[in-house]
Amino acid sequence: MTQPQHAARTIITIEHAGEHVDSTVTIQGWLYNQRESGKLLFPIFRDGTGVLQGVVSQKEQPEAFEALKGLTRESSVIVTGTVRAEARAAGGFEMHISGVEVVHRVSDSEPYPIQPKEHGVDFLLDRRHLWIRTPRQAAILRIRAEVERAARNYMDGQGYTLTDAPVFTPAACEGTSTLFEVNYIDDQKAYLTQSGQLYVEATAAALGKVYTFGPTFRAEKSKTRRHLTEFWMLEPEAAYAHLEDMMQLGEGLVSAVVRSVVKNRPRELATIQRDVAKLEKIVPPFPRVTYDEAIKVLQKAGNPAKWGDDFGGDEETIISKEFDTPVIIHRYPAAMKAFYMATDEQRPELSLSFDMIAPEGYGEIIGGGERQSNYETLLKRLREHNLPEESFQWYLDLRRYGSVAHAGFGLGLERTVAWICGTEHIREVIPFPRMLYRVYP
RNA sequence: UCCCCGGUAGCUCAAUGGUAGAGCAUUCGGCUGUUAACCGAAGGGUUGCUAGUUCGAAUCUAGCCCGGGGAGCCA
């Protein structure tokens, strides 16, 4: 409106505002909030990269003042002004506004529903498509993107090749109770994958060191802050690899990801007020305890756990509180692990498995281990678990043709991001969470 | 599936058997350095639904619906 028609504009994003002090620039964004003080307005703009306070006086910039006065929250605006260092403004910079173009004005009769104050979870989740505009949510999503980028960089750097796994699968990977069933072509049944692992075992035999990274689905009726029905998993698998190799890869991956977030997303970590000192402590090697030792730690802490019990959230928290970094628990009893897990030759009652537990009570972020490479043993396990042999013939082929020791793990992306961000709930770290009884928006 | 907690104005909550309220948001007015600005005024309600107890129910009882947290299971 008040912008000169033919002026050459320097369009910047708010994250770079500090590089343009004392020059006139233009930002394209939305009105996040506005305070009025008589003949002064203090609008706060956001553009997805950050927020920037503006200031405009009625006396000095009457046109810009009128354009902004009474403007509704989340109206889209293109604003031109001079960036000044300003200690009184949040973030340390402020824009002295000279031109305002209101691109779209939010109606007075239907004001933007999300206010800069406390809201209930249900209300926010119903409006997740708008909630993600909130600076805190936007910062979390940018950190998630950094985690994904850093994880892929690390895996690629370690010589692993990304091999995407299918989402439709013919049968369960571990059991049948937790699968989403879908009608495939001509009344054939298919399921949404709960893990890409079986497929990555095949591609590992083809390419050596591989990983898959994609969505997985669990139809479990879990209603907790650690569960989603649709979540993303990064699953490496390597031929000729053993348990020890995967424990090292896991701690290398997790610490590289954390380091990358600390280095590349300091603004976002500040926005969400994450204690960065805690993240800076995440350096390999991570402490390792065997299942046997973990039981002793629990009993010492007064927990009634006994050998053979699986660990729930309480048990994980007790163990993880002993350390500042994630902790690896390895060699769980074979009975509590999946049919494809290899067993310890020295102690056949143990599986060559490991979990990585995040600090601060965020629970298991990695689960994996060495796979059963012997045809006869694997077939026996399949039958013991009452799994449909027909559906697993291709998987058994991997043990018929050049079977080798191999190992891998699955890293839960959302639990990892939730821990790195310190969020209350895992649902905040995925753009559109899918949870029990919630598929909208 | 089981256990626990909750549902009152657009939002966050108060009212524990006796006239349904506050803050924020919205509208109007005031304020030249605000930080979820502040000050004044106005509008805004089938207290999740159904039945019951009672002179009287947001409040007590039963059933149902919806949501949250946890268990199991897992990343």
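Every chain is numbered from 1, with letters handed out A, B, ... down the list of sequences. Heavy-atom basis, side chains included; hydrogens, waters and symmetry copies ignored.
Put simply, CZ on A/F217 is 18 Å from C1' on B/rC73, counting in whole angstrom units.
Nearest to the side chain of A/H96, among B/rU1, B/rG33, B/rA25, sits B/rG33. Between B/rU34, B/rA75, B/rC73, one nucleotide has an atom nearer to the side chain of A/A89 than all others, and that is B/rU34. If you check B/rG68, B/rC73, B/rU12 against the side chain of A/F123, the one that comes closest is B/rU12.
Across all strands, A/R127 comes closer than 4.0 Å to no nucleic acid atom at all (heavy-atom distances). Within 4.0 Å of A/D310, counting heavy atoms only, lie sugar-phosphate atoms of the nucleic acid but no base atom. As judged by a 4.0 angstrom heavy-atom cut-off over every strand, A/I366 is placed among residues touching the sugar-phosphate backbone only.
Comparing B/rG67 with B/rC28, their P atoms sit 38 Å apart, to the nearest whole Å. Atom C1' of B/rU59 sits at a distance of 11 Å from the matching atom of B/rG18, rounded to the whole Å. For the C1' atoms, the distance from B/rG68 to B/rA25 is 25 Å, rounded to whole Å. When the C1' atom is compared between B/rA75 and B/rC66, the two are found 28 Å apart, to the nearest whole Å. Spacing of P atoms, B/rC49 relative to B/rG7, comes out at 13 Å, to the nearest Å. With both ends at atom P, the span from B/rC5 to B/rU19 equals 28 Å, rounded to whole Å. Straight-line distance between the C1' atoms of B/rC39 and B/rC55: roughly 46 Å, to the nearest whole Å. When the P atom is used for both B/rC4 and B/rA42, the distance is 46 Å, rounded to whole Å.
Atom CD of A/E424 sits in a sparse spot, with 12 or fewer heavy atoms from other residues, nucleotides or ligands closer than 6.0 Å. Within 6.0 Å of CD in A/E293 there are more than 12 heavy atoms belonging to other residues, nucleotides or ligands.
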Report, one line per pair, each donor and acceptor closer than 3.5 Å where one atom sits in a side chain of residues 406-419 of chain A; sequence neighbours left out.
unit_1, atom_1, unit_2, atom_2, d
A/H406, ND1, A/V404, O, 2.9
A/H406, NE2, A/E201, OE1, 2.6
A/E414, OE1, A/W232, N, 2.9
A/E414, OE2, A/R144, NH1, 2.9
A/E414, OE2, A/R144, NH2, 3.2
A/E414, OE2, A/W232, N, 3.3
A/R415, NE, A/R226, O, 3.1
A/R415, NH1, A/E364, O, 3.0
A/R415, NH2, A/R226, O, 3.3
A/T416, OG1, A/G412, O, 2.7

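A/L52 places none of its side-chain heavy atoms less than 4.5 Å from the side chain of A/Y32. Taking 4.5 Å as the limit, some side-chain heavy atom of A/H330 sits within range of a side-chain heavy atom of A/M247.
Residues that satisfy the side-chain contact (heavy atoms from CB on, under 4.5 Å) test with A/S23, not counting sequence neighbours, are A/H20, A/V25. Looking at residues two or more places apart in sequence or on another chain, you find a side-chain contact (heavy atoms from CB on, under 4.5 Å) between A/E322 and A/V297.
Counting distance only, with no hydrogens placed and no angle test, the side-chain atoms of A/H119 and the base atoms of B/rC11 include no donor-acceptor pair under 3.5 Å. In this model, a side-chain donor or acceptor of A/S222 finds a partner on the base of B/rC73 within 3.5 Å. Residue-to-nucleotide contacts include no donor-acceptor pair under 3.5 Å from the side chain of A/K223 to the base of B/rG70. A donor-acceptor contact under 3.5 angstrom links the side-chain atoms of A/R415 to the base of B/rC74.
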Using a cutoff of under 3.5 Å, can you pull out all pairs of nitrogen or oxygen atoms linking the protein to nucleotides 27-32 of chain B, with atom names and distances?
unit_1, atom_1, unit_2, atom_2, d
B/rU27, OP1, A/D108, OD1, 2.8
B/rC31, N3, A/G38, N, 3.0
B/rU32, OP2, A/K39, N, 3.4

Set out, line by line, the N/O atom pairs under 3.5 Å between protein and nucleotides 43-48 of chain B.
none

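Look at A/F231 and the base of B/rA75; the rings stack, centres closer than 5.5 Å and planes less than 30° apart.
For the pair A/R288 and A/F286, the cation-pi test (distance below 6.0 Å, angle within 45°) is failed. Taking the ring axis of A/W131 as reference, the NZ or CZ atom of A/R128 stays within 45° of it and closer than 6.0 Å to the ring centre.
Paired regions of RNA chain B, where each region holds three or more successive Watson-Crick or G-U pairs whose two hydrogen-bonding distances fall under 3.5 Å, are B:1-7 with B:65-71, B:10-13 with B:21-24, B:26-30 with B:38-42, B:48-52 with B:60-64.
A donor-acceptor pair shorter than 3.5 Å cannot be found between the side chains of A/D292 and A/T290.
Where A/R88 and A/Y112 each meet RNA chain B at their nearest nucleotide, the meeting point lying more 5' is that of A/Y112.
Below 30°, between 30° and 60°, or above 60°: for A/F392 and A/Y395 the angle between ring planes is above 60°, a perpendicular geometry.
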